[in-house]
Participant: 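One structure, as structure tokens, below. Some questions next.
Please read these numbers as outputs of a predicted model, since none were measured by experiment. Basis for what follows: all heavy atoms, side chains included, without hydrogens, waters or symmetry-related copies. Indexing begins at 1, ligand by ligand and atom by atom, following the structure's order.
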Amino acid sequence: MKKDLRDFMLDPNLIPPAKQILLSDIAAQSASMKMSCYLVGGFVRDLLLQKPVNDFDVVVEGNAIELGDELVRKYGGKLTVHRKFGTAIWFLPSETSETLDLIAARSETYKQAGALPTVKLAAIEDDISRRDFTINTMAVRLDGENFGELIDLLDGQDDLAQGIVRVLHPRSFMDDPTRIFRAVRYEQRYGFKIDADTLKLINPESFDVLSKLSGERIRHEFDLIFEEENAALMFSRLKELGVLDVFNLPEFNLSHSGLLNSEPPIEFGVSADRVLLGYLLWLMDSSKDLIHTLSKRFDFTFELTAASLAAIQLKKDLISFKDSKPSAWTFHLERFSLISIYALWLATNESALKEFLVKWQHIKSNVTGDDLKARGIAPGPRYKEILSQLRAARLDGEVENAADEEKLLQKLTGK
Ligand code: CTP
């Protein structure tokens, strides 16, 4: 019997009403252009799991770019096209910077294990069979009278109901070994199990292909893991399966698991970049040499490399700064990025790091270089010395108001 997901698709708890209108606009437009049009992959999987969905991949049997052009003409927004792949990104006509992917149904072949695929236009059936796991092969028809019809050619529904992550064919991980990371992500995100035969394909042969992938492709997989709530479990599973050892990567320290999902309190003034924070919690106990090696192999951004090195250095410095005055801490900590200081505070609970973030970094002297000039002090390196001493006195509580500061200034300058 055909299954109809119409009710799910009209449920405002699963799909926000504004998005429902958007989908019905796409449905009407594609029907009028006589193009069959489907929502695929994660959308259907999460809809059937009754999880709210906000990420829509629309697959069109036909020209996705023409459909996109018409949608922009009628509803506004902007279209970015990739003619080579027959895909378009529709920047929606709303104030938010939301986008929607319009993809022409395609088949993929891999000339070489691990290489990027060769893409050809095809029917929805081919598009379904190029995918990673059965739970991602379901499609829901959008256009015309068929709105809401579930297309499940490979028993994705059964696997979803049983919580099984299963590849479609034995070469899947050879074609695209990043799917090993994806399998672990789905397994740990939903509390599923990787099917036994699929598990056997995570083996030295697919590891060999994995080890040859570009650093950027692999780093992207780690980025995606750090976006997840269960990132620490995913790392444990990657270790267990031998994936971390393919690259000689350290394990994720499980005592840091709970810290991954913590939002920095506003008064810390640290922007919440959970991916960067994830890397820092992962790598802060490594050696600097390892960071340099990983940075090269996985194409780390400059920010990630610098913050990882900073976190390692700071962790070492904690011992020598233990009983230091606030000024000594502050002048030292100011050389490091806020996120590395925050990560280290999470991991160590060292109160000086919190004091710095919340208070010390904002404490400044009232006196400026102009004030020194006005007193007839010749500009030069002495300015920095005087201003630092004034700020240190503020930080260490030796000076509490402008009058005391003035006295100290007179003492320091003799003027
Ligand atoms: N896909 C695939 N092989 C890959 C990457 C993606 O087959 N290496 C297919 C899957 O069918 C997937 C779809 O492309 O469902 C979209 O990919 P993506 O957006 O990465 O995944 P989602 O299914 O949306 O899952 P997530 O919730 O993790 O974003």
Side-chain angles (χ1 to χ4, degrees), residues 14-15 19 38-60 64 82 85-87 89 98-110 113-119 122 124-140 150-157 159-160 164-192 194 198 201-202 206 209-210 213-214 216-231 233-234 237 243 274-275:
L14 297 178
I15 304 181
K19 288 288 165 60
Y38 308 83
L39 285 163
V40 287
F43 172 89
V44 189
R45 181 195 68 223
D46 286 345
L47 198 67
L48 283 167
L49 290 172
Q50 302 207 29
K51 295 193 183 295
V53 271
N54 217 347
D55 183 20
F56 306 95
D57 289 333
V58 176
V59 173
V60 186
H82 296 281
F85 299 111
T87 61
I89 302 173
E98 283 180 301
T99 58
L100 187 138
D101 289 343
L102 298 163
I103 304 155
R106 65 199 206 202
S107 66
E108 287 180 352
T109 43
Y110 294 82
L116 291 172
T118 311
V119 173
I124 188 73
E125 290 78 11
D126 302 293
D127 196 284
I128 280 170
S129 56
R130 76 175 167 88
R131 290 175 183 266
D132 49 4
F133 308 110
T134 55
I135 56 170
N136 285 338
T137 58
M138 290 170 282
V140 184
L150 175 69
I151 293 144
D152 179 15
L153 306 176
L154 300 169
D155 297 330
Q157 251 190 116
D159 281 343
L160 197 64
I164 293 175
V165 181
R166 187 196 309 273
V167 288
L168 309 194
H169 57 86
R171 280 196 58 82
S172 189
F173 292 138
M174 300 292 287
D175 285 345
D176 178 357
T178 63
R179 289 176 174 165
I180 297 173
F181 288 91
R182 296 175 65 85
V184 168
R185 259 185 22 241
Y186 294 127
E187 185 190 54
Q188 300 303 318
R189 183 198 295 168
Y190 299 121
F192 284 7
I194 298 175
T198 297
L201 302 170
I202 303 179
S206 50
V209 186
L210 180 65
L213 290 196
S214 77
E216 199 192 341
R217 279 181 80 187
I218 296 171
R219 202 200 61 239
H220 179 64
E221 295 302 320
F222 285 116
D223 290 356
L224 292 176
I225 287 180
F226 284 125
E227 297 277 8
E228 301 268 349
E229 212 175 305
N230 293 342
L233 289 176
M234 294 172 189
R237 186 66 162 139
V243 180
R274 64 174 292 142
V275 173

Participant: Should the proximity of Asp176 to ligand 1, defined as any heavy atom under 4.0 Å, be assigned to the side chain, the backbone, both, or neither?
Facilitator: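 Contact part for Asp176 vs ligand 1: side chain (C-beta onward).
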Participant: With nothing but distance in play, are any N or O atoms of Tyr190 less than 3.5 Å from an N or O of ligand 1?
Facilitator: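 No: no nitrogen or oxygen of Tyr190 is under 3.5 Å from one in ligand 1.
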Participant: State which residues pass side chain to side chain donor-acceptor pair (under 3.5 Å) with Arg237; sequence neighbours excluded, sorted by chain then number.
Facilitator: Glu187, Glu240
Participant: Taking NZ, NE, NH1 and NH2 as the nitrogens, is one of them in Asp159 or Arg166 under 4.0 Å from a carboxylate oxygen of the other?
Facilitator: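 So Asp159 pairs with Arg166 through a salt bridge.
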Participant: Any chance you could measure Asp132, atom CG, to Asp176, atom CG, to the nearest 0.5 Å?
Facilitator: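 With rounding to 0.5 Å, CG (Asp132) is 8.0 Å from CG (Asp176).
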Participant: Short list, please: which atoms of ligand 1 are under 4.0 Å from a heavy atom of Arg185?
Facilitator: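 The atoms of ligand 1 under 4.0 Å from a heavy atom of Arg185 are 28 (O).
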Participant: Taking atom CD as the centre, does Glu229 end up with more than 12 heavy-atom neighbours from other residues, nucleotides or ligands that are less than 6.0 angstrom away?
Facilitator: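 No, the 6.0 Å shell around CD holds no more than 12 heavy atoms from other groups.
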Participant: If only atom types and distance count, is the side chain of Asn230 paired as donor or acceptor with the main-chain N or O of Leu233 below 3.5 Å?
Facilitator: no
Participant: Does Asp46 reach ligand 1 with a nitrogen or oxygen that is under 3.5 Å from one of the ligand's nitrogen or oxygen atoms?
Facilitator: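 Min N/O separation from ligand 1 is not below 3.5 Å for Asp46.
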Participant: What protein heavy atom is closest to atom 17 (O) of ligand 1, reported as residue, atom name and distance in Å?
Facilitator: Arg182 NH2, 3.5 Å
Participant: Below 4.0 angstrom from a heavy atom of Gly41, which ligand 1 atoms are there? Numbered from 1 as shown, please.
Facilitator: 15 (O)
Participant: Measure Tyr186 to ligand 1 on non-hydrogen atoms and call it side chain, backbone, both or neither using the 4.0 Å cut-off.
Facilitator: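 Side chain only; the backbone of Tyr186 stays clear of ligand 1.
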Participant: Would you check if there is a donor-acceptor pair between the side chains of Arg130 and Ser107 at a distance under 3.5 Å?
Facilitator: no
Participant: How close does the nearest protein non-hydrogen atom get to atom 27 (O) of ligand 1, and which residue and atom is it?
Facilitator: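 The protein heavy atom lying closest is Arg45 NH2, 2.8 Å.
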Participant: Could you find the nearest protein heavy atom to atom 13 (C) of ligand 1 and give me its residue, atom name and distance?
Facilitator: Arg131 NH1, 3.4 Å
Participant: For atom 3 (N) of ligand 1, what is the closest protein heavy atom, and at what distance to 0.1 Å?
Facilitator: Arg179 NE, 3.3 Å
Participant: Verify, without hydrogens or angle tests, whether Asp152 (side chain) and Gln157 (backbone) share a donor-acceptor contact under 3.5 angstrom.
Facilitator: yes
Participant: Considering only heavy atoms, does Asp55 approach ligand 1 within less than 4.0 Å through its side chain, its backbone, both, or neither?
Facilitator: side chain
Participant: Among all protein heavy atoms, pick out the one at the shortest distance from atom 16 (C) of ligand 1; state its residue, atom name and that distance to 0.1 Å.
Facilitator: Asp57 OD2, 3.6 Å
Participant: Return a table of donor-acceptor pairs under 3.5 angstrom between the side chains of residues 42-54 and protein atoms on other chains or two or more places apart.
Facilitator:
{"residue": "Arg45", "atom": "NE", "partner": "Tyr190", "partner atom": "OH", "Å": "3.0"}
{"residue": "Arg45", "atom": "NH1", "partner": "Asn136", "partner atom": "OD1", "Å": "2.7"}
{"residue": "Arg45", "atom": "NH1", "partner": "Tyr186", "partner atom": "OH", "Å": "3.4"}
{"residue": "Arg45", "atom": "NH2", "partner": "Tyr190", "partner atom": "OH", "Å": "3.1"}
{"residue": "Asp46", "atom": "OD1", "partner": "Tyr190", "partner atom": "OH", "Å": "2.6"}
{"residue": "Asn54", "atom": "OD1", "partner": "Lys19", "partner atom": "NZ", "Å": "2.7"}

Participant: Is any N or O atom of Asp132, backbone or side chain, closer than 3.5 Å to an N or O atom of ligand 1?
Facilitator: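 Asp132 vs ligand 1: N/O contact under 3.5 Å present.
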Participant: Under a 4.0 Å threshold between the charged nitrogen and the carboxylate oxygen, would Glu221 count as salt-bridged to Arg219?
Facilitator: no
Participant: May I ask you to identify, for Arg189, whether its side chain, its backbone, both or neither come under 4.0 Å of ligand 1 on a heavy-atom basis?
Facilitator: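 Only the side chain of Arg189 comes within reach of ligand 1.
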